[in-house]
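Positions are given from 1 along the sequence. Here the structure is a predicted model, which means the values were calculated and not measured. Every heavy atom of this structure was used, including side-chain atoms; hydrogens, water molecules and symmetry mates were not. Atoms within a ligand are numbered from 1 in the order they appear, just like the ligands themselves.
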Amino acid sequence: MTTATNRVKIFDTTLRDGEQSPGATMTHDEKLEIAELLDQMGVDIIEAGFPIASEGDFRAVSEIAQRSQNATICGLARANFKDIDRCAEAVRNAAKPRIHTFIGTSPLHRAIPNLTQDEMAERIHDTVTHARNLVEDVQWSPMDATRTEWDYLCRVIEIAIKAGATTINIPDTVGYTAPRESADLISRLIETIPGADEITFATHCHNDLGMATANSLAAVEGGARQIECTINGLGERAGNTALEEVVMALKVRNDIMPFTTGIDTTKIMNISRRVASASGFNVQYNKAIVGKNAFAHESGIHQDGMLKNAETFEIMRPADVGLSGTSLPLGKHSGRAALRAKLKDLGYDVADNELMDIFVRFKELADRKKEVYDEDIVALVQAGAPASEHLKVKFLRVICGTEAPQSADLTMTVDGEDKQVTAQGDGPVDATFNAVKALFPHGARLQLYQVHAVTEGTDAQATVTVRLEEDGLVVTGQSADTDTVVASAKAYVGALNRLIVRRQKSGKDTKEVSYKDTV
Ligand code: KIV
Ligand code: ZN
């Protein structure tokens, strides 16, 4: 019986559901690196992508399948043979392959392919049977399960189990359920459906009402033994259940939730930062576990208590999630070994070539800034090296102040050739963006321009995030610099570089394949 064990499997869908959030697109190499980190941290199942969606997704799933050492590698497929065949092909080389196939079962979702209840039931039978003929490990999801009629949900789950599904996932697709309902739903399904005790029930919660983590944990109490989640809670709209939250909650409150996972929690901080930099989605400062302030204590009473006994205001140790408590500043005389040690303290395990790149940027920063704080180093790593170098900012000087017009004198390398322009705008950033657009004309629309001061003080670095949209393609660029306008220019150019790569990718893109297109 599934509930007899208290081991909960962690199914990470950062590379599928997480990557689906507009603007979070990751490069192929970033996906491989994140999959490797997930595998090393002990994730049981990695949902590596949606193979039919694009050549890029297919390639990422296939390569991750080939490389994975421990985890089961899963691909997503809609309820049709073509999707399922493509998915089977992508996961074929995994030591432990899984096909995850789904269809929307709620009245709203059934209306889209215009199937009757009987027609949909037949489709579920046929597609799960087909998947099971291709692999041993088949997961089936009734999308929008929490808004599906109870009788129909039981009926289709029973059909899927009989057709060979080994995991039944119960998605709360629109983040609609609440903890008590989430627990009751799973326990009632297990009690009611014949054969339910032979398979694993999973929970997949979105965070539209901010209850995703609570709903996932409640589902485990109701009998689910697989939690679907993403790093940093990345995902469409308000995101998904955050891996770090469920795993740490089960660890810290094991007294009242006696369930275990196979996750090495000391790897949490590193992977959180890698996902933030690859996706371009900054982690909010007050985010549980991985936010910048999660272990910061500012008020006098709290600091005093912390000095006397850390347990007064901390329910877990920073080291439990891979953060060191020490904070030795680096300066312009610090060498590579000190930088590597600092990065390790901060939770980053970087490869040699990446260290070299960070070191060069660290030296540039240390020349301009007296003290290089931990946050500066995190910003350097997160801003990352440019994804590709079609465009590069070579020289920028702006004139700004009370007297309009503000102007930007920009030299930019465009595919190896230096080009220069002077442009005006409403403020220095606007003038700079106009200059970039004059040298590289494009139709992308600015969706987001965001500036964060990394530390305090007037010489603080600014991290700038720019999100652009062009014909449905959404890309993000990020850069950090003590000069906000320079950081803005580099972030804008970084986003354009990603856009160029995305344009070059032939065929369709993940976001173009719709869940609605299920038949
Ligand atoms: O949220 C959802 O319903 C999904 C399914 C594909 C499982 O992501
Ligand atoms: Zn989802």
Side-chain angles (χ1 to χ4, degrees), residues 9-22 24 45-53 57 61 72 74-80 83-84 86-87 91 98-110 112-113 120 123-124 127-128 131 137-148 153 156-157 160 165-177 182 185-186 189 200-213 215-216 219 224 226-243 246 279 510-511 513-519:
K9 290 185 204 158
I10 297 294
F11 175 110
D12 182 276
T13 183
T14 306
L15 299 174
R16 199 279 299 168
D17 210 327
E19 213 231 1
Q20 248 164 246
S21 55
I45 304 112
I46 299 173
E47 187 162 57
F50 191 0
I52 196 87
D57 255 42
V61 178
T72 294
C74 176
L76 186 70
R78 292 165 299 181
N80 65 64
D83 270 41
I84 291 170
R86 189 76 172 142
C87 183
V91 296
R98 174 180 293 190
I99 293 175
H100 175 193
T101 178
F102 73 99
I103 194 161
T105 51
S106 66
L108 283 166
H109 285 270
R110 285 200 307 268
I112 292 167
M120 184 169 282
R123 178 172 292 273
I124 292 163
T127 50
V128 174
D137 187 351
V138 174
Q139 171 166 326
W140 181 73
S141 295
M143 187 167 74
D144 206 15
T146 52
R147 295 192 299 169
T148 300
L153 188 61
V156 287
I157 291 175
T166 43
T167 299
I168 298 291
N169 176 38
I170 303 300
D172 183 29
T173 305
V174 290
Y176 183 68
T177 196
S182 176
L185 176 60
I186 300 279
L189 289 173
T200 300
F201 272 83
T203 174
H204 177 112
C205 297
H206 282 264
N207 202 31
D208 299 66
L209 291 172
M211 293 194 281
T213 295
N215 289 338
S216 298
Q226 176 177 301
I227 298 178
E228 307 210 352
C229 47
T230 59
I231 301 293
N232 300 339
L234 195 66
E236 287 191 83
R237 308 186 310 278
N240 292 60
T241 297
L243 178 147
V246 281
S279 65
T510 314
K511 274 108 207 159
V513 176
S514 157
Y515 279 172
K516 293 171 197 137
D517 186 19
T518 44
V519 286

Open item on the list: For ligand 1 and R16, I'd like to know whether there is a polar contact (N/O to N/O, distance under 3.5 Å).
Closed with: yes

Open item on the list: In this structure, does ligand 1 have an atom that sits under 4.0 Å from one of the heavy atoms of E228?
Closed with: no

- [ ] Please examine the side chains of I84 and T127, heavy atoms only from C-beta on, and report whether any two atoms are closer than 4.5 Å.
- [x] yes

Open item on the list: Are the side chains of E228 and D17 in contact, using a 4.5 Å heavy-atom criterion?
Closed with: no

Task: Polar atom proximity, H100 to ligand 1 (N or O, under 3.5 Å) - done: no

Open item on the list: Suppose we only count N/O/S atoms under 2.8 Å; would E228 qualify as near the Zn ion (ligand 2)?
Closed with: no

Open item on the list: Heavy atoms only, cut-off 4.0 Å: how does Q20 contact ligand 1, side chain, backbone, both, or neither?
Closed with: neither

Task: N/O separation below 3.5 Å, D144 to ligand 1 - done: no

Open item on the list: So if I apply the side chain to side chain contact (heavy atoms under 4.5 Å, CB included) rule between T167 and each of T72, I45, T200, which one comes out positive?
Closed with: T200

Open item on the list: For the 3.5 Å polar cut-off, considering only N or O atoms, please tell me whether H206 and ligand 1 meet it.
Closed with: yes

- [ ] Could you tell me whether a side-chain N or O of T166 sits under 3.5 Å from a main-chain N or O of D137, the two making a donor and an acceptor?
- [x] no

Task: Within reach of ligand 1, part of T173 (heavy-atom separation under 4.0 Å) - done: both

Open item on the list: Tell me the angle that OD2 of D17 and NE2 of H206 form around the Zn ion (ligand 2), rounded to 10°.
Closed with: 110°

TODO: Would you indicate whether the side-chain heavy atoms of R16 and V61 approach each other to under 4.5 Å?
DONE: no

Task: Heavy-atom donor-acceptor pair, T14 side chain to I231 backbone, under 3.5 Å - done: yes

Task: Derivation and outcome, side chain to side chain contact (heavy atoms under 4.5 Å, CB included), residues R237 and D208 - done: CA-CA 7 Å; R237 308 186 310 278; D208 299 66; 2.6 Å; yes

